[in-house]
Amino acid sequence: MSELRPASASEVASMLRDLASAKTSVRIRGLGTRDRLCVPAPKGAAILSLRAMSAIERLEPDDLTCSVQPGVTCRQLADALTRAQLELDCLDADDLGTIGGLYASDPLPAASPHAASPRSTLLGIDGALMEGLEFRSGARVVKSVAGFDVHRLLVGSRGRLFAATLLHLKLRPAPKAKVAFESPPSDVVLATKLLHTLRIDASSPKRLMLLRENGVAMVCGVASGNPRQVASLLVRHGLREATAAKRPHLSAPDVGHELVVGCVRPSRLLDLVAALPAEAPLLAHGGGHFETMLTPSRSDALVAAMPRIGGHAVVALGANARIGVGTHLDVGAERLQRELRSALDPRALLA
Amino acid sequence: MKSVVDELEALLGPNRTIHSRDALLAWECDGFTIHREPPLAVVFPESTTEVQAVLRILSKNGVPFVPRGAGTCLSGGPTPVGPSVVVELARMNRVLDVDAVDRSALVQPGVVNLDLTTHVKHLSLHYAPDPSSQSVCTIGGNVAENSGGPHCFKYGMTVDHLIGATVVLPDGQLAQLGTESGPRPPQGLDLLGVFCGSEGTFGICTEIRVRLSTDQPAVRTLLASFADMTSACRAVSDIVGRGLVPAALEILDQATIRAVEASVYKAGYPEDAAAVLLVEFDGEEETLDEEAGQTRQVFAHHDALRIEEATDPRERLRLWKGRKGAFGAMGRLSTDLYVLDGVVPRTKLVEALEGIYAIGKKHFVVLTNVFHAGDGNLHPNISYDGRNTEETARVVQAGHEILELCVKLGGSVSGEHGIGTEKINHMPLMYRPQDLDVMARVRRAFDKEGLCNPGKVLPNRSACAESQKWPAMIARVLGEDAAR
Ligand SMILES: Cc1cc2nc3c(=O)[nH]c(=O)nc-3n(C[C@H](O)[C@H](O)[C@H](O)COP(=O)(O)OP(=O)(O)OC[C@H]3O[C@@H](n4cnc5c(N)ncnc54)[C@H](O)[C@@H]3O)c2cc1C
């Protein structure tokens, strides 16, 4: 498969236009770190990699905004923000991928009730449709409700609606203190209780997770803000400082297993636990997102149980034919997704 | 043949279907009174099923409709453009479920914003988005407009507090947007994100799951007055530059202060000040001392004339009373008020305000300013007499130039009030034809026939052709005799 590497928005548009005229399917990617989480591109599809578009075009510390090309890596932006004493709420500096990929795959909607999700930090985009039409949506300022927020459709779209060629992002001043923490190991019931207590704390941590591995559970995350406030949060809930923050994702699944991701109301977390085998690893975020690793038959059982539990579960990583197997969307939402795809990419060439 | 109104009346009964001309005048406009147009009828459904049935009747007959909450919109959103039926949702006003563990509530769209906070107060919870109209406006209207408010600087806009919504699409089909637990299912698009802020043009939301926030243990409110607006704006930049994140940062100019002080919203603001800056922090008591201390230093550095600090709830209410009542107080200045809503990068506030005052002078209009300074979201208010057409024309022209200036400074024509009909001609200031084309495609994905709140947000290139269909439409809705 050939990989095209446009260096500018107009090159993206003209390449897409040419591919559209040739009726060639296209897979848009950044560095390709999340490729294995996607259904493989159809045979003969062109790869449009945005990795060469890697400039931070604008960083305005006083306005708390920046504009970045999609190929900027998460690490690159995190470093620039650290230097300017700023932060982007949904950014994971250890993420090996690009900013475009982060927003398009939205691997972790709100990490805790207090954290901004990618949806909340994306102020606007410049983009290009498959037919080569360049467009703009949203604004560069921290607040704008002018027009329809087409840019929000980037979040979680996995490159199937359009290519974003510039992203305008909302930043925050870097917190004065940022501390990785963890609770003493316990059983999953106790850990769930602690997760709930932390979720409803007025100073709830920005990243908050319940992690169960090898039958042992703990609550961990990152608390940030005023140093005194952070210290008192840790003391109040019997948490200790951790040497390093735990990754917000489970690692690749063992042989014979697949990675299942989903969302569940936090109050139903124990119902989710009950639907999983005791030995299955589980990472549940305070915002409702969860990840687990199961054999295909157990994944199917979980998917079947989700309507009762409430929420969604989908195979994110596994055998090609299994990726995307999961709970169904509501009929009306399905229809809207179809209509949106056909409005923006009528020939369904973005794969 | 049965008219559409007959069908609606058969569905909802005569008490929930209004079509007498006099009564309809109450629905001829919202807070943007420059545009007035009464609907053909107003209906009051009370459930999702009834909304579905109403929309099925309307779509079957090709009749446009306009969703409406409390009608406090300031951009003409719930005002008809052409013959339409208003679907008023104010009677769908029940809080259906509160989940204290999940920190969420399921509400009908007609629930008044502040009523939700009152409803969950005993759980030490609140609903964070707080438009100044919160004692009247509805959550459905907030979702449609993606409303903000003074505390959005720290807590975000309506979209940041939405988990899911049940939406009746224009042809009556139901769609669940978001999920019970998060705004986007793992395999889906962020439909809820794009629906929020669509100004009632994508469908009618009939149930909304919102995130509730935990009350902060303590709040500290400071008010500083300044001899000039520039110092007040620079103080805002300094506060943010120090890495402080106040919950709110609001500025009122001298004309606003004087209007407030002469009104029932009198809050004891110093009338000799050119501007007052209201800053609020929330969090744990001991951190507030530190933050308030640093803020006082900033105030002093910018030569504040006077600093007040509220330490108890009564004092806090007093300091906020003037800000919350500012729009109401403008009623003293003239019969009508045009509230603008431009945004500029915060670093351009001084420049923007200088330009705005100059535009006001040029057009001889009475102009006051009260704004969300932390977000650079300006609300220049122009008081005028709407009965005077020459004055109204000057007001509209001044408004246009102000928004033009905001865009020129890198900002937006609307921070929270929406486009509606008011700013429809300002959209090309921000967006090129191809940008508007992509927005129109997204709109058509929700509303193929263009029946849902037509004539809003996007400049309509086929308005003339549309209007030729109006006589036949009126006859269909009201019946041949009534239409004559
Ligand atoms: C004094 C005053 C102060 C204000 N302060 C603020 C402020 O601080 N911040 C701010 O953001 N706004 C503010 N506003 C503007 C206004 O209050 C908001 O836009 C509010 O959200 C409108 O709510 P509503 O119930 O009045 O909706 P309406 O005015 O009735 O309708 C607004 C729009 O929403 C659509 N709509 C209503 N209900 C639904 C539904 N269920 N489904 C789909 N579409 C629907 C309508 O078609 C219309 O386009 C203020 C207004 C006033 C008069």
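These numbers were taken from a predicted model, which means no experiment stands behind them. Chain letters run A, B, ... following the sequence lines, proteins first and then strands; every chain starts at 1.
At a threshold of 4.0 Å, the pair A:Arg228-B:Asp289 does not count as salt-bridged, since none of the basic side-chain nitrogens sits closer than that to a carboxylate oxygen. With respect to the salt-bridge test (charged N to carboxylate O, under 4.0 angstrom), the residues A:Glu134 and B:Arg432 do not qualify.
In this structure, chain A has a heavy atom under 4.5 Å from the side chain of B:Lys448, while its backbone stays farther away. At a 4.5 Å heavy-atom cutoff, B:Asp238 makes no contact with chain A through either its backbone or its side chain. The parts of B:Asn146 that come within reach of chain A are both its backbone and its side chain, each placing non-hydrogen atoms under 4.5 angstrom from that chain. Contact annotation for B:Leu458: only side-chain heavy atoms (C-beta onward) come within less than 4.5 Å of a heavy atom of chain A. The part of B:Val245 that comes within reach of chain A is its side chain, from C-beta onward, which places non-hydrogen atoms under 4.5 angstrom from that chain. For a residue to count as touching a neighbouring chain, one of its non-hydrogen atoms must lie under 4.5 Å from one of that chain's; by this rule A:Val264 touches chain B with the backbone only. Proximity to chain B is limited to the backbone of A:Ser105, based on heavy atoms less than 4.5 angstrom apart. Neither the backbone nor the side chain of A:Leu86 comes within contact range of chain B, judged by heavy atoms closer than 4.5 Å. Residue contact with chain B, scored on non-hydrogen atoms closer than 4.5 Å, involves the side chain of A:Ser203 exclusively. Residue contact with chain A, scored on non-hydrogen atoms closer than 4.5 Å, involves the side chain of B:Ser104 exclusively. Both the backbone and the side chain of A:Leu153 come within contact range of chain B, judged by heavy atoms closer than 4.5 Å. Interface residue A:Asp330: only side-chain heavy atoms are found under 4.5 Å from chain B. Interface remark: B:Met439 contributes backbone and side-chain atoms alike to the contact with chain A (heavy atom separation under 4.5 Å). When heavy atoms are compared at a cutoff of 4.5 Å, A:Gln229 approaches chain B by way of both its backbone and its side chain. The contact between B:Leu192 and chain A is made by backbone and side chain atoms together, counting heavy-atom distances below 4.5 Å. The contact between B:Val344 and chain A is made entirely by backbone atoms, counting heavy-atom distances below 4.5 Å.
By number of non-hydrogen pairs under 4.5 angstrom with chain A, the leading residue of B:Arg242, B:Glu290, B:His417, B:Arg444 is B:Glu290. The residue among B:Gly197, B:Gly374, B:Ala175 with the most heavy atom pairs within less than 4.5 Å of chain A is B:Ala175. Chain A forms the most heavy-atom pairs under 4.5 Å with one residue out of B:Gln434, B:Gln187, B:Lys348, B:Arg346, and that residue is B:Gln187. The choice from A:Arg158, A:His151, A:Arg335 that makes the most heavy-atom pairs within less than 4.5 Å of chain B is A:Arg335. Most heavy-atom pairs under 4.5 Å with chain A, from the set B:Glu199, B:Glu291, B:His426, B:Arg443: that is B:Arg443. Counting heavy-atom pairs under 4.5 Å between each of A:Ala139, A:Ser232, A:Pro266, A:Gly225 and chain B puts A:Pro266 at the top. Interface check for chain A: of the options B:Leu244, B:Thr201, B:Asp435, B:Val457, the most heavy-atom pairs under 4.5 Å are formed by B:Asp435. Comparing A:Arg136, A:Arg172, A:Glu339, A:Gln85 by how many heavy-atom pairs each has under 4.5 Å with chain B, the most go to A:Arg136. Of the listed residues (A:Ala343, A:Ser267, A:Gly156), the greatest number of heavy-atom pairs within a distance under 4.5 Å of chain B belongs to A:Ser267. Among the candidates A:Lys143, A:Arg140, A:Arg341, the residue making the largest number of heavy-atom pairs closer than 4.5 Å to chain B is A:Lys143. The candidate with the highest count of non-hydrogen atom pairs below 4.5 Å against chain A, out of B:Asp102, B:Asp99, B:Asp282, is B:Asp102. Interface remark: of the candidates A:Glu60, A:Arg152, A:Arg338, A:Arg152 forms the most heavy-atom pairs closer than 4.5 Å to chain B.
You'll find the side chain of B:Phe195 stays beyond 4.5 Å of the side chain of A:Leu336, heavy atoms only. Contact of the B:Val194 side chain with the A:Val150 side chain is not registered, since no non-hydrogen atoms from C-beta on lie closer than 4.5 Å. Side-chain contact between A:Ser144 and B:Met430 is present, with heavy atoms from C-beta onward closer than 4.5 Å. The side-chain heavy atoms of B:Arg209 and A:Arg265, taken from C-beta on, include a pair separated by under 4.5 Å. In this structure, the side chains of A:Val145 and B:Glu145 stay at 4.5 Å or more apart for every pair of heavy atoms. Considering only heavy atoms from C-beta on, B:Ser237 stays 4.5 Å or farther from A:Asp62 through its side chain. In this structure the side chain of A:Leu344 reaches within 4.5 angstrom of the side chain of B:Val438, judged on heavy atoms. B:Leu189 is listed as a side-chain neighbour of A:Leu161, based on a closest heavy-atom distance under 4.5 Å.
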Exercise for the section: Run the numbers on A:Arg236 and B:Glu284 for salt bridge (charged side-chain N to carboxylate O under 4.0 Å, His left out), then give the verdict. Expected result: CA-CA 13 Å; A:Arg236 246 188 348 265; B:Glu284 283 167 31; 3.4 Å; yes
Exercise for the section: Report the C-alpha distance between B:Arg441 and A:Glu131 in whole Å, list the side-chain angles of each, state the deciding distance to 0.1 Å, and finish with yes or no for salt bridge (charged side-chain N to carboxylate O under 4.0 Å, His left out). Expected result: CA-CA 14 Å; B:Arg441 293 191 201 192; A:Glu131 70 202 48; 2.6 Å; yes
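Heavy atoms from other residues, nucleotides or ligands lying under 6.0 Å from CZ of A:Arg160 number 12 at most. Crowding of A:Lys178 atom NZ: a count of heavy atoms from other residues, nucleotides or ligands under 6.0 Å not exceeding 12. Within a 6.0 Å sphere centred on CD of A:Glu57, heavy atoms belonging to other residues, nucleotides or ligands number more than 12.
Between A:Gly147 and B:Ile419, the shortest heavy-atom distance links the atoms N-CG1, 3.7 Å. Here the closest heavy-atom approach between residue A:Leu329 and residue B:Pro185 is recorded as CD2-CG, 3.3 Å. Contact detail for A:Val141 and B:Gly411: the closest heavy-atom pair is CG1-CA, 3.9 Å. Residues B:Cys196 and A:Asp149 share a closest heavy-atom pair of O-OD2, 4.0 Å. Residue A:Ala202 comes nearest to B:Asp215 through the heavy atom pair CB-O, 3.7 Å, listed as atom of the first residue, atom of the second, then distance. Taking both residues in full, the closest heavy atoms of B:Gly243 and A:Pro173 are given as CA-CB, 3.6 Å, listed atom of the first, atom of the second, then distance.
Residue pairs meeting the ring pair (Phe, Tyr, Trp, His ring centres under 6.0 Å) criterion with at least one partner in residues 123-146 of chain A, sequence neighbours excluded, are A:Phe135-A:Phe162.
Annotation: residues 307-317 of chain A contacts chain B through A:His312, A:Val314 [non-hydrogen atoms, separation under 4.5 Å].
Take B:Phe446 and apply the ring-ring contact (aromatic ring centres under 6.0 Å, His included) test, not counting sequence neighbours, and it matches B:Phe202. Taking B:His161 as the reference, nothing meets the ring-ring contact (aromatic ring centres under 6.0 Å, His included) condition, with sequence neighbours excluded.
Taking OG of A:Ser157 as the reference point, atom CG of B:Asp190 lies at 10.0 Å (rounded to 0.5 Å).
Although no hydrogens or angles enter the test, the distance criterion places no donor-acceptor pair under 3.5 Å between the side chain of B:Thr347 and the main chain of A:Asp63.
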